[in-house]
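Working notes, beginning with the structure itself.
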Amino acid sequence: MFKTKKAAFQAALSSVKDAVSSKNTIPHLANIAVERHAEGIRLRATNLDIEIAAPFQAEIGADFSGFTFPAKTVTSIVGAVDDGKDISFEAVMLGNKLEAVTIRSGRSRIKVPILPLADFPILDQGELPFAVSLGSSSFIRCLSAVDYACSTEETRHYLNGVFLDASEAGLMFVATDGHRTSLATVVRCRRSYRKHAEGDPTQGNRTAARQAPAEGRDAVDLPF
């Protein structure tokens, strides 16, 4: 089905693992999807609150078919593979149905159960007419500066996120738990709207900060 380098696959696994649900009653949420994306292939995970996708380099066979694998099991298997080695995922068929995959690396060969990709949930983003773009270092700095003031009470979910307010002065990050308030402002950012305010989704604050590059000139785009 496909062959990739350990480093490439492990990097994609590391990127999406924050969206894997460890406590759930839906089996698919403990899995990670492998699917075609554009001209390549990617991993995708969701816990129904957030969704993370990460493409990776791979040689894709003509027999490739999307599937989902148990996150913990495959992460352990890949971690045990020697650095620099290739990893191959091969189909195990039952008639015309993909029943499992075999992970092969060197002389190792491990059969892993799967679940169908068709049943894996997709978060509907809907129409997102607005967007703001800012440097990754500025995004992490502002989010980290206000995150401590977010409420952790599930009964007050509207205070679990970070409020974003855009104006001509820049983009303002605001968080409060009802007892304290924190604020940070990015003066330089690129906006595709005049003025708008929006809150970060519950549970997404720390995940967003971890996913953004800590250094460099990479831009973080926030559509809403």
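Quantities reported herein were computed from a predicted structural model and do not represent experimental measurements.
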*asked:* One pair to check against side chain to side chain contact (heavy atoms under 4.5 Å, CB included): Ile103 and Ser88. What are the steps and the verdict?
replied: CA-CA 6 Å; Ile103 301 177; Ser88 297; over 6 Å; no
Subject >> Heavy-atom check, side chain of Val78 versus side chain of Phe9, under 4.5 Å >> reply: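 Counting from C-beta outward, Val78 and Phe9 do come under 4.5 Å.
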* Asked: Between Val162 and Val174, is any pair of side-chain heavy atoms under 4.5 Å apart?
  ->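 Side-chain contact under 4.5 Å: no.
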Handout entry: side chain to side chain contact (heavy atoms under 4.5 Å, CB included) between Phe163 and Tyr158, worked out
Key = CA-CA 10 Å; Phe163 183 78; Tyr158 49 88; over 6 Å; no
Considering all heavy atoms, the nearest [X]-[Y] contact:
X	Y	value
Thr68	Pro116	CG2-O, 4.1 Å
Ala53	Arg42	CB-NH1, 3.8 Å
His28	Phe120	O-CE1, 3.3 Å
Ala58	Phe2	CB-CD1, 4.2 Å
Ala149	Ser182	CB-OG, 3.3 Å
Val16	Leu43	CG1-O, 3.8 Å

For [X] and [Y], indicate whether the former's side chain and the latter's backbone hold a donor-acceptor pair under 3.5 Å.
X	Y	value
Ser76	Lys72	yes
Arg36	Ser65	no
Asp147	Cys150	no
Lys6	Val81	yes

Going from [atom1] on [X] to [atom2] on [Y], what distance comes out if it is rounded to the nearest 0.5 angstrom?
X	Y	atom1	atom2	result
Leu171	Cys142	CG	SG	7.5 Å
Asn160	Glu153	CG	CD	8.5 Å
Ile32	Arg44	CD1	CZ	11.5 Å
Ser15	Phe56	OG	CZ	11.5 Å
Leu183	Thr176	CG	OG1	11.0 Å
Lys3	Gln57	NZ	CD	14.0 Å

Quiz item: Do you reckon Val112 sits in the same ILVMFWY cluster as Ile87, going by side-chain contacts under 4.5 Å, direct or chained?
Solution: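 Looking at the clustering, Ile87 is in the same group as Val112.
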**Prompt:** Does one hydrophobic cluster hold both Ile41 and Ile52, with members joined at side-chain heavy-atom distances below 4.5 Å?
**Reply:**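 Both belong to a single hydrophobic cluster.
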Under 4.0 Å between a Lys/Arg side-chain N and an Asp/Glu carboxylate O for Asp86 and Lys5?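 Here Asp86 pairs with Lys5 in a salt bridge, since their nearest N and O are under 4.0 Å apart.
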Next on the checklist: Once ring-ring contact (aromatic ring centres under 6.0 Å, His included) is applied, what residue pairs with a partner in residues 67-87 remain, sequence neighbours excluded?
Outcome noted: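 For residues 67-87, and leaving out neighbouring residues, there are no ring-ring contact (aromatic ring centres under 6.0 Å, His included) pairs at all.
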Query - CA sep, side-chain torsions, deciding dist, call: Glu35, Leu117, side chain to side chain contact (heavy atoms under 4.5 Å, CB included) - result: CA-CA 8 Å; Glu35 60 188 5; Leu117 179 63; 3.9 Å; yes
Tell me, with the steps shown, if Val92 and Val101 meet side chain to side chain contact (heavy atoms under 4.5 Å, CB included). CA-CA 5 Å; Val92 177; Val101 295; 5.7 Å; no
Pro70 and side-chain contact (heavy atoms from CB on, under 4.5 Å): which single residue from Val20, Ile114, Ile77, Asn31 fits?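 Result for side-chain contact (heavy atoms from CB on, under 4.5 Å) with Pro70: Asn31.
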#### Entry: Positive for side-chain contact (heavy atoms from CB on, under 4.5 Å) with Met1, one of Val34, Leu98, Ile60
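So, applying the side-chain contact (heavy atoms from CB on, under 4.5 Å) to Met1 and each of Val34, Leu98, Ile60, only Leu98 qualifies.
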Please check if any side-chain donor atom of Ser21 sits under 3.5 Å from a side-chain acceptor atom of Asn47, or the reverse.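 There is no such pair (donor and acceptor under 3.5 Å, judged by atom type) between the side chains of Ser21 and Asn47.
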Qualifying salt bridge (Lys or Arg N to Asp or Glu O under 4.0 Å) pairs with a residue from residues 94-122, counting only residues at least two apart or across chains: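 Sorted result for residues 94-122: Glu90-Arg104.
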